[in-house]
Chemist: 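Can you read through this structure? Questions will come right after.
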Amino acid sequence: MAALYLVGVQVIAPHPVSILAEEFPVKLSAFNELTRDIRNAGIGIKHLVLQDNKIFIEQGCVELFLRRFGHELRGIRYTPAGRFTRNTVSVRGVDVAWYTLMKEQDQ
């Protein structure tokens, strides 16, 4: 009987975040402010990844997010991730992302 072993993969950031960098307090402030505004709007947050400057929101809250922050969206991107698509937008210099099921293409 075959066994499946899941092994974590260590990801090394190309440019580690340094708290001594001049831009760090500015980025941290923008990240925290947007996180507070998203929570105050009633949007569920799944993950906060400060090192990647990314906030992952609940897929069920996307419509509310778009209504509340639609006028601030910049740089919309779609990235395949297995059976899912990672949808990412930039708001105030912070990436906000959510996953959706990949759509089957008609053949």
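Keep in mind that what you see is a predicted model, and the values were worked out from it rather than measured. We number each residue from 1, following the sequence as shown.
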Chemist: Going by an N to O cut-off under 4.0 Å, is there a salt bridge joining Asp37 and Arg92?
Modeler: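 Between Arg92 and Asp37 there is a salt bridge, with a charged N closer than 4.0 Å to a carboxylate O.
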Chemist: Given side chains that start at C-beta, do those of Phe31 and Asn53 come closer than 4.5 Å, heavy atoms only?
Modeler: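 A side-chain contact exists here, since the closest heavy-atom pair is under 4.5 Å.
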Chemist: Who are the side-chain hydrogen bond (donor to acceptor under 3.5 Å, both in side chains) partners of Asp95, not counting sequence neighbours?
Modeler: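 For Asp95, the residues satisfying side-chain hydrogen bond (donor to acceptor under 3.5 Å, both in side chains) (neighbours in sequence not counted) are Arg77, Ser90.
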Chemist: Leu73 and Ile43: same hydrophobic cluster, using ILVMFWY side-chain contacts below 4.5 Å?
Modeler: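 Hydrophobic grouping puts Leu73 with Ile43.
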Chemist: Under 4.5 Å between side-chain heavy atoms, hopping through other hydrophobics if needed: is there a path connecting Val94 to Ile76?
Modeler: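 Yes.
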Chemist: According to a hydrophobic-cluster definition based on side-chain heavy atoms being under 4.5 Å apart (Ile, Leu, Val, Met, Phe, Trp, Tyr only), do Val91 and Leu50 belong together?
Modeler: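 In one cluster: yes.
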Chemist: How close do Ala97 and Arg86 get, counting heavy atoms only, and between which atoms?
Modeler: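 Heavy-atom minimum between the residues: CB-CG, 4.2 Å.
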Chemist: Side chains of Val96 and Leu34: does their closest heavy-atom pair fall under 4.5 Å?
Modeler: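 Contact flag for Val96/Leu34 side chains = yes.
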Chemist: Is it the case that one hydrophobic cluster holds both Leu48 and Phe65, taking links as side-chain heavy atoms less than 4.5 Å apart, direct or via other members?
Modeler: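 In one cluster with Leu48: Phe65, yes.
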Chemist: Is there a side-chain contact between Ile45 and Arg39, using heavy atoms and a 4.5 Å cut-off?
Modeler: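 Yes, side chains in contact.
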Chemist: Show the atom names and distances, to 0.1 Å, of all donor-acceptor pairs under 3.5 Å that link a side chain in residues 54-64 to residues at least two apart or in another chain.
Modeler:
none

Chemist: Answer yes if Leu66 and Phe69 sit in the same cluster of Ile, Leu, Val, Met, Phe, Trp and Tyr residues linked by side chain heavy atoms under 4.5 Å apart, and no otherwise.
Modeler: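 Result: yes, single cluster for both.
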Chemist: Does the side chain of Asn87 reach to within under 4.5 Å of the side chain of Val89, using non-hydrogen atoms?
Modeler: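 Answer no - side chains too far apart.
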Chemist: State, yes or no, whether a side-chain contact exists between Tyr99 and Thr79 at a heavy-atom distance under 4.5 Å.
Modeler: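 Result no, sub-4.5 Å side-chain heavy-atom pair not found.
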Chemist: Just verifying a value: how many Å separate Arg83 CZ and Thr100 OG1, rounded to the nearest 0.5 Å?
Modeler: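 Here the rounded value is 12.0 Å.
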